[in-house]
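Worth knowing before you read on, the calculation uses all heavy atoms, side chains too, and leaves out hydrogens, waters and symmetry mates. A note on names: the letters A, B, ... follow the listed sequences, proteins ahead of strands, and every chain is numbered from 1. All values derive from a computational prediction rather than experimental measurement.
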Amino acid sequence: MEPPLAEASADRRRFLGMLGLGAAAVLGGPALAACSRRPGGTGSATGADAIKAVLPAQKPMNPLAKPDIDGVGIIPDGYLRYPSTLVDQITEKPGRGGTYKAIAPWWGPTPPALGDNEYVKAVNADLGATVDTSQQDGSTYSDKLSALMGGRDVPDILVAPNWEVGKISRFADGVKALFEDLTDHLKGDAAARYPNLASFPTSAWEYSVWGGRLAAVPFPVDGPFAWLLYYRKDLVDAAGRKAPTNIDEFYRFGKEMTNASAGVWAFGSVFSIVQSMYRCAGSSESGWRKKSGGGLEFKYETPEYRAAVEFTAKLFKDGLVHPDVVASKGADEKQLFKGGKIIVYQDGGGAWRGMQSEQLKVLPTFNMQPMPLFGVGGDPVLHGTERPIFWTFIKKGTPKDKVEEILRILNWCAAPLGTKEWELREYGVEGKHFTRGPDGSPAPTELGRKEIGSQFRFLTGPIPSVVQTADVPNYVQDLLGYSNSHIKFLEKDIFAGLKLELPANYAKLNTPTEDKILDILRGRRPISDLDVVVKEWRAGGGDEGRAFLEKALSDNGR
Amino acid sequence: MTRSSLTDPPGGTLPRADRPAPSTVDSTVRMGFTQRLRRDWPFLVMTAPAAVLVVVFHYVPTLGNVIAFQDYNPFLGDSAVGSFLASPWIGFGNFMVLFEDPAFWDAVVNTLSITLFQLVFFFPLPVFLAILLNSVVSGKVRGFVQSVVYLPHFFSWVLVITFFVQMLGGAGLLAQVLRQHGFEPVAIMSNPDAFIVVVTAEGVWKDLGWGAIVFLAALAAIDQQLYESAAVDGAGRWRRLWHVTLPGLRPVIVLLLILRLGDALSVGFEQYILQRDAVGRQAAEVLDTYVYYQAIVPQQWGVGAAAGLFKGVVGLILILVANRLAHRLGEQGVYSGK
């Protein structure tokens, strides 16, 4: 503890005095309001015609014969037998020895890094380049994304999920400032140099245009449903019960399956699916729909949403939701579900196959299934989109030959089912990461599960298809059975084909409003407070968003 | 302590030790620059790394505060610096947004209540622990206890909170034991009213031992002869504690108190963000999480900088006031008042 220093502190005091003046000026701020302006962008919309002009020409390509089960509409086709011979599709090495940093989301334990990962080594060897993918927690990815972009510190290859970009204000400005314009590389027939990318459906490319320029490579959607409601069919069967078929049964089911003293609760997170059951809107910019008298209304403003909030709050109140899910942001619902601690939870379509395959090794009776959905007072309204799952951006300032190298690598990553590249990307090296079953289909080994994450699989996807493998028997029938029977409930996106950059005031409302609704769901605020929340939402930017979206619709004649 | 030595001008700190009386200042001034440099260069070299750290990580980023007065768009201009120049100036627009937002004031109130609560229920504890440890004669016992209470300081908040959830959470040890014996468990970790106690308990568990280190050092510096004289004069155990130990600790306590007050609007970040969903925004939103959710996530950088500036200014005012108060009470405080 040295004594403070006389002279220096006198200087410091003068300095502090100056700061004090600054403080006074700040606190006197309202007086200066007259010459102040509030921050925030006003948003922008790109019309459908401007988008059509820059799209690649589609050239369908599929090395496989007719599928065993046709997918309805945008549902991928299903194959019940793994292809016996694989095509070596890309004979020339796509890479030229370049080294690229990539960042992609991943929902699972982080696989070992580049140096200790045999899978990454094997794929990089086949690519002839070094792609070093950092995999970031998918559930908080928008936070990472906004920090990376705000700091102008983006990697060579950046993957952005479609549901995250709307949360970032001025995303279009960011795309222009930070990412390479790919129009000249991919427009029209230029795309033919990357045949796998050129095979993507045009609808996927339509969404990859910002400011009239093609700015990203899409990952075509492989399942249109935003959420599935998974349940542990094995445990439900063992308890002698059946999946519920209406909302009252759903509640009773929750009561019957909860056994708190044994550490088992019926539900994890289910609110999004409950909204679908109550027929809330959710597909169009997360919840707009046309009012019968003209104009738009958001889900918060509808009686359907209020009913869904009431029902979900009751589930929390009556103790049917696992306390860890109640108590934390990062409750690992997948772990709880695997362990049979929760019976029902909502998750994306991507969760199913991996978990089923992994858990069958642990528990031979393990059987997770999507619960057939029902509506309250009509058919359920399922939320989803035809937008690409991810967009892959290339850092601005990358030299032309490097951009081409990256595009060739992405083309490799998009190799479809039936190629050797597809198998290497999905399953790794035979004998190391997977073994081949009697039917020729790969089954991942322990090493495969550990090492394979989203390193290459999320950089861009192939044209979607699903194939049966021995590690998940019946998966293709189950998935396509569910998807084909539920596609008719999918709500249409009224903004489909438009590129919307939402006003900043509206975009920033998302988290605060959802927080308030969370308070209501958890019983920390009464249901009646929903009116207050909606009022605050409208005043804080909701009405501004509505006016913007109504104009975008009318400008495009919808 | 660390703070005051860090913020001193690099050249001035060290030579001062060898010129205690003001009369020698004149001779220093008369010395030429080269002479002084020749004499002091080892000190300058030794201070350089710290000075560079302060400049690079404190002073340079401070310039970024200009975005509090801009509609800052990081994507304008050609570079990070270019975007400062290209972003439009909007006067106090960001502050208007901030001060009109009830959620901001909720966060300020939460932060201040937590600070106050912790000043009363957390701040004194390390003093007690230090006195307690200091009175333990056996070196072995003392060493053991010290290691045990220091250890949690090195755990991350994620670990600490997971530990608390596993113990006291709705599906934790306590709740399951109660359930198995037919009792209805009480919600501890997800109860907004208990939140302030829970975070303080977590803080105490994690940092109690660490906080005691400074006081232990100060205790060691108290002249043993004072105790002996007091004992000779017939002072008992409590009298000695009251008249020797506590006055000996007082400068340190006051110093740390002032520094803590300057940080009144920062109570931590991870600890709160991790438990925010459990108890809700209304209980767990503190200024730092507010900035994160309102500014960083939706990229309202200007508003975030405005909140940061507000925090800095309030902290500064609190330090000045507390320091003046300390002088009134005859303490030296963080810096002297002359």
Indicate the atoms forming the closest heavy-atom contact of A:D519 with B:Q282, along with that distance.
OD2-OE1, 3.6 Å
Return the minimal non-hydrogen interatomic distance between A:R524 and B:P192, and the atom names on each side.
CD-CG, 3.5 Å
Identify the two heavy atoms, one from A:L178 and one from B:F75, that lie closest to each other, and give their separation to 0.1 Å.
CD1-CE2, 3.5 Å
Is there side-chain contact between A:D143 and B:I296, with heavy atoms separated by less than 4.5 Å?
no
What part of B:A103 gets closer than 4.5 Å to chain A, counting heavy atoms only: side chain, backbone, both or neither?
neither
Given side-chain contact (heavy atoms from CB on, under 4.5 Å), test A:L518 with B:R276 step by step and report yes or no.
CA-CA 11 Å; A:L518 202 66; B:R276 193 168 176 271; over 6 Å; no
Looking only at non-hydrogen atoms, find the nearest pair between A:P323 and B:A171 and report the distance.
CB-N, 3.6 Å
For chain A, find which of B:Q275, B:E100, B:M189 contributes the most heavy-atom pairs closer than 4.5 angstrom.
B:E100
Side chain, backbone, both or neither of B:L76 within contact of chain A (heavy atoms, under 4.5 Å):
backbone
Stepwise side-chain contact (heavy atoms from CB on, under 4.5 Å) check, A:R522 with B:S190
CA-CA 10 Å; A:R522 306 269 167 99; B:S190 56; over 6 Å; no
B:Y293 vs A:D515, test: side chain to side chain donor-acceptor pair (under 3.5 Å). Steps then yes/no.
CA-CA 10 Å; B:Y293 282 110; A:D515 271 349; over 6 Å; no
If you count heavy atoms of other groups shown closer than 6.0 angstrom to NZ of A:K338, is the number above 12?
yes
Chain B shares the most heavy-atom pairs under 4.5 Å, among A:P512, A:A260, A:G540, A:G263, with A:A260
Part of B:P185 within contact of chain A (heavy atom distance under 4.5 Å):
neither
Minimum heavy-atom separation for A:S261 and B:Q176, please, with both atom names.
O-NE2, 3.7 Å
Sort B:D78 into side chain, backbone, both or neither according to what part of it lies under 4.5 angstrom from a heavy atom of chain A.
backbone
Spacing of B:Q294 atom CD and A:T511 atom OG1 [to the nearest 0.5 Å]:
8.0 Å
Please classify the contact of B:E184 with chain A as side chain, backbone, both or neither, using a heavy-atom distance under 4.5 Å.
neither
Between atom CG of A:N505 and atom CD of B:Q300, what is the distance when rounded to the nearest 0.5 Å?
6.5 Å
Less than 4.5 Å to any heavy atom of chain A: does that hold for the side chain of B:V158, its backbone, both, or neither?
neither
Out of A:R525, A:K396, A:K516, which one racks up the most heavy-atom pairs below 4.5 Å with chain B?
A:R525
Determine the minimum heavy-atom distance between A:R170 and B:D71, stating which atoms define it.
NH2-OD1, 2.5 Å
